[in-house]
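I have placed the structure first, in the form of structure tokens, so that the comments after it can refer back to it.
The basis for the numbers below is simple: all heavy atoms, side chains too, and nothing from hydrogens, waters or symmetry mates. Order of listing sets the numbers, starting from 1, for every ligand and every atom in it. Just so it is clear, the model here is predicted, and its values are computed rather than measured.
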Amino acid sequence: MSTQTPSSNPAATSQIDHLLDETRRFAPTAEFADNAVATAELYEEATADREAFWADQARALHWHKPFTEVLDWSNPPFARWFADGELNVAYNCLDRHVEAGDGDRVALLWEGEPGDERRVTYAELTDEVKRLANVLEGLGVGEGDRVAIYMPMIPEAVAAMLAVVRIGAIHSVVFGGFSADSLRARIDDAGAKLVITADGGYRKGKVSPLKPAVDLALGDRGSGVQETVEHVLVVKRGGNEVEWTEGRDLWWHDVVPQASGEHEAQPFPAENPLFILYTSGTTGKPKGILHTSGGYLTQSAFTNRVVHDIHPETDVYWCTADIGWVTGHTYVTYGPLANGATQVLYEGTPDAPHPGRWWEIVQKYGVTILYTAPTAIRSFMKLGRAIPKKFDLSSLRLLGSVGEPINPEAWMWYRKIIGGKTAPIVDTWWQTETGSIMISALPGVTETKPGSAQVPLPGIAIDVVDEDGTHVGNGNGGLLVVTEPWPSMLRGIWGDPERFVETYWEKFQKQGYYFAGDGARLDDDGDVWLLGRVDDVMNVSGHRLSTTEIESALVGNEAVAEAAVVGASDETTGQAVVAFVIIKQSYLDEHPVEGLGQTLRQWVGEQIGPIARPRDIYIVGELPKTRSGKIMRRLLRDVAEGREVGDTTTLADTAVMSVISAQIK
Ligand code: WTA
């Protein structure tokens, strides 16, 4: 794996310059602190006995069979948490609230993009999940089977996840914006037996089709028809026309309401797999990150409670993430529902049908807690404060940020314009792999600092180290590591235990540290500032994309001989995909070069999904390579960001960069 010290990453350097003069601090109001779920004692308790602390958090869940063991770390890096305990994750998110008398509490305040709405109570959601669980069992889906979910943000998507895990099966949610090919690769890798989808969902004012992509994915994509999927269960949402494969396809409305509403949740061992979620790594093949049940739910529910300060009786919580990403898993489905919270679920995009849509939703439902991504905040900032100012946002009492570093300017704007200068902001660092939040201020306890994710949560042990694994000390930059196992940690990569060890554990094998792949810096107070990825993973609008994956999509096009992709800093999206491609001479002999950039952008969109479409494509004659043939992306990033090109002395051909710079002007 290629690594780069954070100081050689230009984005990181400018971030360091910023934070050196960042001295602002914001203490919580007395009112917030007095009512906060989190307390300073949590740190003391966790320090006194880390495992006992996590055991206490786990006991906040319902265990059909209580655990007696906490952590088994006898075979690192394969951790087992609460391994002899048994629970049902869906029971924890649904039935137990109904049994406690909270069945009439609204679980989902759903808002469709066209403005339609549905309020789903805990009793109703439980009923739907029980019926669906019966349907799934009727289709022969059982413990350990994989189910792919490819859905818009509708209540059925949440119900689908919960019904799958209720019967001990494993879901693999694939973001609805991914292409048929990406979906196929994920279905194949997991060997899914069932796909749950919708005809389509609303995005940007029109229906975006989903079922047609499933049909394509299951057809012959070059290696024959898909063989493991037996049925496709389809929710009618978009009303768009769909083709139907008799015997394979089923309408949700034909089978779910008719199914029995009786379904008793069976207990499963705490280490039973819960879900697989594919994420980009440094190679072309996405990794199926595997999470299990008891530890994941423990830390998800705990962090949602203390970091988002959930008061389930009074709060209206809104996490804007799609369920296709880990944030949607942990902070839409599992954390908030385990805590019995009431949350907004919004189907569409922030600007449909008008740019104030989100703020209209905050006003309409009286949202008290908003959890979103810096890229969204920056695009609102660009549009100007006049838009949010038209709405009453006074209900908001806590704001959260996730997915990428939030620059101090965006942080201050978020605080002032959205948070009315009082709502604390929690900048939460975590990953698909960590399962839930690892580093964040505790609202009501921590004084917040614009731009810093700040401190590890109680019970979490992290460090910033140099290449040798030595602590860098305050005031210095290095690599972020997690030094002790944590309950919601990934348990592996689906079907590839070697890659799991190699990717996360080999670099600091001696110390036994988990290598996160992020650069970080400790300030003079010891607070953590995240500096972006140190590997070939890009972060575009808070979504992880692999440079290699986009490169292989590009070279898959008949015109392309070679491709190099870099993440260039972008004012709105954090990073943007910039591609440098060499076109085959044979292609150029027969075709004009005009319009090729656009064609290739589109091609990548079709191969991976629209989010992976390069912002810029530069057609060049050569790429900068070291003598060993490795592409020097650092130099291409200089060009893409319009900077003076850095040190070229290790290039095989030192003139190549001036040729490239001249070509793209
Ligand atoms: C980045 C998203 C800075 C980081 C939950 C990490 C962040 C990657 C933050 C994981 C933050 C996430 N500050 N960077 N608060 N949160 N990141 O797997 O580079 O989609 O490694 O999980 O996002 O992205 P993932």
Side-chain angles (χ1 to χ4, degrees), residues 4 6 9 11-12 15 18-19 173 175 275-282 286-291 299-300 303-304 307 319-332 334-335 371-378 399-408 410-411 414 425-441 448-457 462 464 477 479-482 488-490 493 503-504 514-521 527-546 567 569 573-575 611:
Q4 215 182 9
N9 175 339
Q15 172 85 338
H18 259 309
L19 62 90
V173 182
F175 174 55
F275 65 81
I276 306 168
L277 182 58
Y278 289 85
T279 186
S280 296
T282 53
K287 301 175 281 198
I289 302 299
L290 175 68
H291 283 285
Q299 195 175 329
S300 299
T303 52
N304 176 242
V307 177
C319 165
T320 64
D322 190 282
I323 51 145
W325 310 110
V326 75
T327 308
H329 282 59
T330 308
Y331 298 109
V332 175
Y334 295 108
Y371 189 39
T372 192
T375 182
I377 300 161
R378 286 194 298 265
L399 304 175
S401 171
V402 58
E404 52 178 320
I406 177 164
N407 45 314
W411 197 101
Y414 197 23
I425 296 180
V426 286
D427 174 8
T428 62
W429 178 90
W430 59 293
Q431 306 177 299
T432 304
E433 292 86 341
T434 69
S436 48
I437 300 172
M438 303 291 279
I439 305 178
S440 171
T448 54
K449 276 185 195 179
S452 168
Q454 303 196 279
V455 283
L457 290 185
I462 59 121
V464 179
L479 302 169
L480 182 67
V481 293
V482 186
S488 66
M489 69 195 285
L490 76 166
I493 294 178
T503 311
Y504 306 105
Y514 166 86
F515 171 51
D518 279 31
R521 184 179 182 277
D527 282 336
V528 181
W529 295 73
L530 275 311
L531 305 175
R533 301 286 307 186
V534 295
D535 54 18
D536 294 335
V537 175
M538 294 172 289
N539 191 325
V540 179
S541 298
H543 299 147
R544 275 162 72 168
L545 294 171
S546 144
S569 44
T573 59
Q575 282 189 308
I611 47 161

Trp325 ring center within less than 6.0 Å of Tyr331 ring center:
no

Are the ring centres of His329 and Phe275 closer than 6.0 Å?
yes

For [X] and [Y], which I'm curious about, is there any donor-acceptor pair between the side chains at under 3.5 Å?
X      : Y      : result
Gln431 : Tyr514 : yes
Ser488 : Ser436 : yes
Thr428 : Ser440 : no

Can you pull the residues with any heavy atom under 4.0 Å from ligand 1?
Val326, Thr327, Val402, Gly403, Glu404, Pro405, Asp427, Thr428, Trp429, Trp430, Gln431, Thr432, Asp518, Leu530, Arg533, Asn539, Arg544

Looking only at non-hydrogen atoms, find the nearest pair between Leu545 and Val540 and report the distance.
CD1-CG2, 3.8 Å

